[in-house]
Amino acid sequence: MRQNRIRKMERFRARGDEPYKRKFERTHAIGEVRAAFEALEKQAGPGEEVVVDAVLAGRIVARRVQGKSTFMDLRDESGKIQVFMGEKQVGPESYACLDDLDIGDFIGVSGKVHRTRRGEITLFASQWTILTKSLRPSAEKWHGLTDVETRYRKRYLDLVANPEVMDTFKKRIFMIQTLREWLLERGFLEVETPMLHPIPGGATARPFITHHNAYDRDFYLRIAPELYLKRLVVGGFEKVFEINRNFRNEGVDTRHNPEFTMMELYEAWQDYLGLMDETEEMLHHVISRTVGGEEFVYQGMTISVKRPWRRIRLYDAIREYAGIDLELTRDRDEAARMAERIGVEIDSTMGYGKIVDAVMSEKVQPHLVQPTFLYDYPIELSPLAKRKPDNPALTERFQPFIGCLEVGNAFSELNDPLDQRARFEAQAALRAAGDDEAQYLDEDFLFALEIGMPPTAGLGIGIDRLAMLCTDSASIREVILFPQLRTL
RNA sequence: GGACGGGUAGCUCAGCAGGUAGAGCAUCGGACUUUUAAUCCGGUGGCCGCGGGUUCGAGUCCCGCCCCGUUCACCA
């Protein structure tokens, strides 16, 4: 089949017609000409014929040949239009060359746009030219491309065969743009911090390791930008954010890709409750703009982002949904017994914090369909968050959940350098005890805190998960253009 | 890493009682100037994921491996 197409390509060349053209001047994108035509039709009187002259370019996605007339569907990024070519209209010589076209080829066409008798907006061609010859067929016209592995490994085929996939990614793009504009309008400055970290910090996760040859040092792909963004706040930036990739060397599933996109912001003079208000406003704005309303459906769940959102203390949520009161104890073993009694599996390596976290994910999270903030987390789970003044076992931290997905994480940032050092040391002890996800001690970050970071609140939003919600995608791979698969 | 499901033509899929590998679409040839999943007639096309085994004979049964999906474990 490929050989056949190469022969056709060569025939164009033999006729002195380059099959891989350079620039092509269009008068309209396909979507534009459709809109222009429909607008004129609305103005036109009854029986009055509407015609638009147009030069269009696009990929042939379907072809219906009828002897001396041929219909094709032509698609560009903005839409699809039917093209009619008649032997009389384009000339017999040019018409004969249509034999050398295939589905997948790019052509340029000029002519007049009318409606056919059957009501289809159609470009009646007077001339056409090959722009790019395709040498391989992509997919079947009716079923498209459904093989998930091919869709992910060869995303270009997915985009060609399944137009709704492009819609999904355009929604993601729009969502990020809306988020960025919201932040910029409120005076946040977008910054870029390193991807290569000498010490991986800012989250509890296993890092990817790489090597710098000239320095002969190992570096880690960042697991979070947090500690660098806070250094900027130390330096005097008061409102900063970054939208960029994080890398975590963990398992891959429908909600986790090894590289994922995170928005992190830091705001001086703010605390977690104030930031909760801002987060609610921000997510409400971004989601409702992206899905086109305050309600949307995610995996069969109807979700309303109408404000105000529910706010519930983590321990209260556990009491409500798990029926146990973990706040009564700080003892690891007792917490483990309570968790096991309600069927949550606990293993001996889990500390108090992880037990609370396990109960939350298994018993609480599945109920958080409508937007909900959980807040006030135990200190063991939050080594970078400020303690609550009235209860040093808790931190000023919250997480927004929507559609049972955890979409973010925020807290009043710990800016007491001595407390931060003690927390890092506790993490180091966990690490020594075999927890390879415990956080590393970053001496320079502590130095920065000793210089002084003003009161600050920080927020991270998982962009991919937000995109999943806005596009009703069951898997994170549906919202990442090139998701990570095993190399073949 | 475990469990379950899957890998057959370019695409979407059938075939499993072990007996020469099938359909639709695409493609190639023929008819057709208003079709839109066009229609009608005829044709081409396959390391049946990879490797081993059982058998006269394996897409089909057995063993090992690879890849994908779902899920559990770990995590965001």
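Protein chains get the first letters and strands the later ones, always in sequence-line order, with residue 1 at the start of each. For clarity, every value in this text was computed on a predicted model and none was experimentally measured.
Under the ring pair (Phe, Tyr, Trp, His ring centres under 6.0 Å) criterion, the residue pairs touching residues 92-120 of chain A are H114(A)-F124(A), with sequence neighbours excluded. Screening residues 467-488 of chain A for salt bridge (Lys or Arg N to Asp or Glu O under 4.0 Å) gives R151(A)-E478(A) as the qualifying pairs, with residues at least two apart or on separate chains. Sorted by first and then second residue, the pairs that involve residues 49-62 of chain A and meet salt bridge (Lys or Arg N to Asp or Glu O under 4.0 Å), not counting sequence neighbours, are D53(A)-K112(A).
When the ring pair (Phe, Tyr, Trp, His ring centres under 6.0 Å) test is applied to Y228(A), the partners found at least two apart in sequence or on another chain are H197(A). Shown here are the side chain to side chain contact (heavy atoms under 4.5 Å, CB included) partners of T168(A), two or more places apart in sequence or in another chain: T471(A), S473(A), V479(A). Every side chain to side chain contact (heavy atoms under 4.5 Å, CB included) that A203(A) has, sequence neighbours left out, goes to I223(A), A224(A), R248(A). By the ring pair (Phe, Tyr, Trp, His ring centres under 6.0 Å) test, F247(A) is found to be paired with no residue, residues two or more places apart in sequence or in another chain being considered. When the side chain to side chain contact (heavy atoms under 4.5 Å, CB included) test is applied to A57(A), the partners found at least two apart in sequence or on another chain are F24(A), R26(A), L131(A).
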Every protein N/O lying under 3.5 Å from an N/O of nucleotides 4-13 of chain B:
residue: C11(B); atom: O2'; partner: E140(A); partner atom: N; Å: 3.2
residue: C11(B); atom: O2'; partner: G144(A); partner atom: O; Å: 2.9
residue: U12(B); atom: OP1; partner: T146(A); partner atom: N; Å: 3.0
residue: U12(B); atom: OP1; partner: T146(A); partner atom: OG1; Å: 3.4
residue: U12(B); atom: OP1; partner: D147(A); partner atom: N; Å: 2.9
residue: U12(B); atom: O3'; partner: T146(A); partner atom: OG1; Å: 3.3

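Near-neighbour residues of RNA chain B inside residues 398-414 of chain A, defined by a heavy atom below 4.0 Å, number-ordered: E406(A).
Nucleotides G29(B) and C66(B) have their P atoms positioned 45 Å apart, rounded to a whole Å. Across G10(B) and U44(B), the matching P atoms stand 16 Å from one another, rounded to whole Å. Nucleotides A58(B) and A21(B) have their C1' atoms positioned 13 Å apart, rounded to a whole Å. Between U36(B) and C13(B), the two P atoms lie 25 Å apart (nearest whole Å).
Judged by Watson-Crick or G-U wobble contacts below 3.5 Å, the nucleotide C48(B) has no partner.
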Could you encode protein contacts along nucleotides 44-50 of chain B as a string, one character per nucleotide from 5' to 3', using B for base contact, S for sugar-phosphate-only contact and - for no contact, with a heavy-atom cut-off of under 4.0 Å?
-> -------
Tell me which donor-acceptor pairs under 3.5 Å the side chains of residues 80-93 of chain A have, and how far apart each pair is, sequence neighbours excluded?
residue: Q82(A); atom: OE1; partner: R64(A); partner atom: NH2; Å: 2.7
residue: Q82(A); atom: NE2; partner: T122(A); partner atom: OG1; Å: 3.0

